[in-house]
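Counting from 1, the numbers follow the sequence of the chain as shown.
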Amino acid sequence: MTQTLEQALERVRELPDDRQDAIAELIVAELEADRQWERWFAETSDQLELLAKRALERRAEGKAVPTNWDEL
């Protein structure tokens, strides 16, 4: 366990039980969300690779329109 995590858990231990439970539920939910994203990416990696290839091809053909995401 990292020192940072140990420090965080020390602080959590000082909280009332209901707050500890709430923080634990947040941590578990975050870990599960990370696992789900990993599964989705693993399941769709072939499709993502194909989409990336198509995008690069369209860019090379001059068919891609640059998007300035900072302005959206």
For this session: Under 4.5 Å between side-chain heavy atoms, chaining through other members, with only Ile, Leu, Val, Met, Phe, Trp and Tyr counted: pull out the rest of the cluster around Trp40, sorted by chain and number.
Result: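 Under the 4.5 Å side-chain rule, Trp40 groups with Trp37, Phe41, Leu48.
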For this session: For Gln36, check side chain to side chain donor-acceptor pair (under 3.5 Å) against everything at least two apart and list the hits.
Result: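 Applying side chain to side chain donor-acceptor pair (under 3.5 Å) to Gln36 gives Arg39.
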Exercise. Hey, what do you get for CZ (Arg35) to CG (Leu31), rounding to the nearest 0.5 Å?
Worked result: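 These two atoms lie 6.0 Å from each other.
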Extract all donor-acceptor atom pairs below 3.5 Å that involve side chains of residues 49-65 and protein atoms in other chains or at least two apart in sequence.
residue, atom, partner, partner atom, Å
Glu61, OE1, Lys63, NZ, 3.4

For this session: State, yes or no, whether a side-chain contact exists between Thr44 and Gln47 at a heavy-atom distance under 4.5 Å.
Result: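 Thr44 vs Gln47: side chains touch.
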Can I get a per-line list of side-chain donor-acceptor pairs under 3.5 Å for residues 3-23, giving both atom names and the distance, sequence neighbours left out?
residue, atom, partner, partner atom, Å
Glu10, OE2, Arg13, NH1, 3.0
Gln20, NE2, Val12, O, 3.4
Gln20, NE2, Arg13, O, 3.2
Gln20, NE2, Leu15, O, 2.8

